[in-house]
A.B. asks: 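Here it is: the structure, laid out below.
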Amino acid sequence: MVLEGSSADAVSSQTLDLRRTCAKASQIFSSPGEGFILNKDAVKYGELIVLGYNGSLANGDKGRRRSRLALSRRPKANGVKPDVIHHISTPLVSKALSNKGQHSISYTLSRSHSVIVEYTHDNETDMFQIGRSTESMIDFVVTDTAPGGTGNSDGQSAQSTISRYACRVICERGPPYTARIYAAGFDASRNIFLGERAAKWRTPDGLMDGLTTNGVLVMHPTGGFSEDSLPGVWREISVCGNVYALRESRSAQQRGKLVCSRVENESNVLQDGSLIDLCGATLLWRTTEGLQRTPTLKQLETLRQEINAARPQCPVGFNTLVFPSLAQREVVEKKQPWAYVNCGHVHGYHNWGFRKEKGEHERECPMCRRVGPYVPLWLGCEAGLYLDAGQPSHAFCPCGHVCSERTVKYWSQIPLPHGTHAFHAACPFCGTWLTGEQGQIKLIFQGPVD
C-alpha cells in the first residue's frame, strides 16, 4: 500500500515488517466464492453444517445460502497473510485504505491514531468467508436460526445479531489441510475495520489484535467427534486467531483472559466436531475423514426401514406405526408414531388425555399416567450430526427428533450460546431448546401382538 502525501509525523517510522513475526499468528485469506464446485478428484477440506435445519433450509438450499457447505481446494489460492503494519493519523486512514486490491485490517485507537495492518497474497492457503451479507466476497451466507429450524425466508433480518462479515476459515492447500478460524471477514473493499469502541489491544510482541462486536465463539469436543466424545469449553476467537476466555457478556468491550495455546485443543485449528457460534447461528465443522465415519443417508434410510419392518404398534389402538420417509417434513402422516416425551411410551395419534390444568399441550400417558408433551416422532436426517450409526432408539425432548443413543446423549450435554450471555442445550436437528431432566428420552415401543 502506498500512502501518497503522508508526512513523517503522520506515518510512524516504526513501520514493522510482519512477514516473519505474524506468519504463524494469522494466515488470513481473501474473497469470493469462485471454485467451490470442483471435479471429483478435488481435495475437500471439510464441511460446515448449520445446526437447526435437519439437512435443508425451509425454502431449499440455493447457491451460497444453504444448510451445509463443502470447502474444497480452489483452482487458485486466494489466501492472504500479514505483511506490514503502519501507524497513521486518522484523517489519512480513508486514503490509506482506498486501494481495493490490498487486504488490510484497521484498528482505530483514538480520533487521531489508527494502526493499519496490510496483508499480502499467500499461495499456500485458501480463504472462505462466512457472514450474513449476500455480497460476492461471502462464500457461505448464514442467517439467524430460530428454534424449530426456521429463519428469515429472504435471508435478511433487520435485527440480526450475526455480522455481515462474521468470520473466515483458512485452509492449508497441502496435507494435512489444516483449517483455522478467525473472527471477522474482509468487506467489499477488502478491509476489516475495528472502530474506536471495538475491543482491541496491543499484544506483548507489539502487534495488534481485537474482537468483533458480538464475537465468534468456538468449542472443540474432547475425544474428537466420535462415540467417546464429550463437550469441550466455549472460547472466543480473535481477529488474529488467538484464543480467549469468554467476555462477561457477548458484546462487552473488555476481552477475556488469553488462553495458553500450548494446552491441548486450545487453538483456532478446527477439529472434527468443532462448533462455531456466530451469535444467531451455530455451525458444526466436519473434516473429510470424520465424514467418512458418519452414517450416510442410505444407512439412515435402512435403519428407518428396519424399524418399520419390526411393525411397532400403538399399545392402545393396536394399529401398526410407520416412520415417514426422510424427505417427509412437517406434514404428519396418519400412521406416524407419537410419543409422550416425559416417559418415552410410543403410540399412534389419539385425541384423549388432555390435562389443560397442567398446561395447554400437556397430555397424560395411558400406559403410565405421566403427564407431559405428546409429539410426533421424526428421524433426524442430517447425517453429519450423528456420532454413530446406532439404532434410532432415543428422542430429543420436546421436539421428538429421533436418533442413536450416543448422538442424543452427546448433543443434550452441549450448552449452545443464546443471546448475549445465555446458554441452552438444543436439538441439533431443529434448534428447539431441550426440556426435562436430561433433554432426551429412551423410546418404549410396543411390538406386534400377533
Side-chain angles (χ1 to χ4, degrees), residues 40 44 46-47 49-57 60-61 66-70 149 224-229 272-273 284 286-315 319-339 341 344-349 375-397 399-412 427-430 440-450:
K40 63 181 181 180
K44 185 167 79 170
E47 292 190 18
I49 301 170
V50 186
L51 302 189
Y53 291 103
N54 203 15
S56 176
L57 300 184
D61 292 340
R66 52 186 56 246
S67 68
R68 68 189 295 170
L69 186 72
F225 196 71
S226 66
E227 298 179 14
D228 300 319
S229 292
D272 190 35
L284 171 68
R286 297 302 313 271
T287 62
T288 301
E289 296 77 13
L291 288 170
Q292 291 173 351
R293 299 189 298 268
T294 296
T296 64
L297 282 177
K298 185 176 181 180
Q299 288 174 307
L300 296 182
E301 172 62 19
T302 299
L303 291 173
R304 183 188 76 89
Q305 293 177 4
E306 288 177 354
I307 295 178
N308 290 341
R311 296 174 59 213
Q313 291 193 337
C314 174
N319 51 306
T320 300
L321 307 177
V322 178
F323 272 92
S325 69
L326 297 178
Q328 181 72 29
R329 303 290 178 89
E330 298 179 356
V331 179
V332 180
E333 295 184 349
K334 185 176 181 180
K335 294 183 177 181
Q336 188 158 350
W338 287 61
V341 295
H345 284 109
V346 179
H347 294 257
Y349 180 76
V375 299
L377 299 179
W378 310 86
L379 283 175
C381 59
E382 174 50 82
L385 301 177
Y386 281 74
L387 270 73
D388 63 358
Q391 289 294 320
S393 57
H394 288 63
F396 288 101
C397 307
C399 61
H401 279 102
V402 179
C403 57
S404 69
E405 179 179 6
R406 290 186 182 274
T407 300
V408 79
K409 288 186 175 181
Y410 174 74
W411 286 106
S412 62
C427 171
F429 297 106
C430 68
Q440 46 86 15
I441 192 75
K442 178 177 173 58
L443 298 174
I444 304 172
F445 290 90
Q446 170 74 43
V449 296
D450 54 5

A.B. asks: Have a look at Val402 and tell me which of Val408, Ile307, Leu377, Val346 forms a side-chain contact (heavy atoms from CB on, under 4.5 Å) with it.
C.D. replies: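 Single side-chain contact (heavy atoms from CB on, under 4.5 Å) partner of Val402 among Val408, Ile307, Leu377, Val346: Leu377.
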A.B. asks: If I take atom CD from residue Gln292 and atom OG1 from residue Thr287, how far apart are they, to the nearest 0.5 angstrom?
C.D. replies: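 OG1 of Thr287 is found 8.5 Å from CD of Gln292.
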A.B. asks: Counting heavy atoms not belonging to Lys44, are there more than 12 under 6.0 Å from its NZ?
C.D. replies: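 Count over threshold, so yes.
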A.B. asks: Would you give the length of the straight line joining atom CG of Asn308 to atom CZ of Phe323, rounded to the nearest 0.5 angstrom?
C.D. replies: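 Taking CG in Asn308 and CZ in Phe323, the distance rounds to 7.5 Å.
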A.B. asks: Which atom names give the shortest non-hydrogen contact between Gln391 and Leu303, and what distance separates them?
C.D. replies: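 Where Gln391 meets Leu303 most closely, the heavy atoms are NE2-CD2, 3.6 Å.
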A.B. asks: Working to the nearest 0.5 Å, report the span between OG of Ser404 and NZ of Lys409.
C.D. replies: 10.5 Å
A.B. asks: Over all heavy atoms of both residues, which pair between Val322 and Pro337 is shortest? Give the atoms and the distance, please.
C.D. replies: O-CD, 3.4 Å
A.B. asks: Determine, for Arg304 against Glu301, whether the closest basic-nitrogen to carboxylate-oxygen distance falls under 4.0 angstrom.
C.D. replies: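 Looking at Glu301 together with Arg304, the answer is yes, because their closest N to O distance falls below 4.0 Å.
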A.B. asks: Can you tell me how far apart CZ (Arg68) and CG (Leu385) are? Round to the nearest 0.5 Å.
C.D. replies: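 Arg68 CZ to Leu385 CG: 8.0 Å, rounded to 0.5 Å.
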A.B. asks: Is the side chain of Tyr53 donor-acceptor paired with the backbone N or O of Glu382 at a distance under 3.5 Å, no angle test?
C.D. replies: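 No; judged by distance alone, with no hydrogens or angles, the pair does not exist.
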A.B. asks: Aromatic rings Tyr410 and Phe225: how do their planes relate, parallel, tilted or perpendicular, breaks at 30° and 60°?
C.D. replies: perpendicular
A.B. asks: Closest heavy-atom contact between Gly384 and Leu284?
C.D. replies: O-CD2, 3.5 Å
A.B. asks: Can you name the nearest heavy-atom pair linking Phe396 to Pro428, along with the distance?
C.D. replies: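 Reported closest heavy-atom pair: CZ-CD, 3.5 Å.
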A.B. asks: Quick one: closest heavy-atom pair of Ser56 and Ser67, and the distance?
C.D. replies: N-OG, 3.4 Å
A.B. asks: With rounding to the nearest 0.5 Å, note down the distance linking CG in Leu387 to CZ in Arg293.
C.D. replies: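 CZ of Arg293 is found 10.0 Å from CG of Leu387.
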A.B. asks: Please report the interatomic distance CD(Glu47) to CZ(Arg286), rounded to the nearest 0.5 Å.
C.D. replies: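 Here the rounded value is 9.0 Å.
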A.B. asks: Looking at Val341 and Cys397, what are the two nearest heavy atoms and their distance?
C.D. replies: O-SG, 3.3 Å
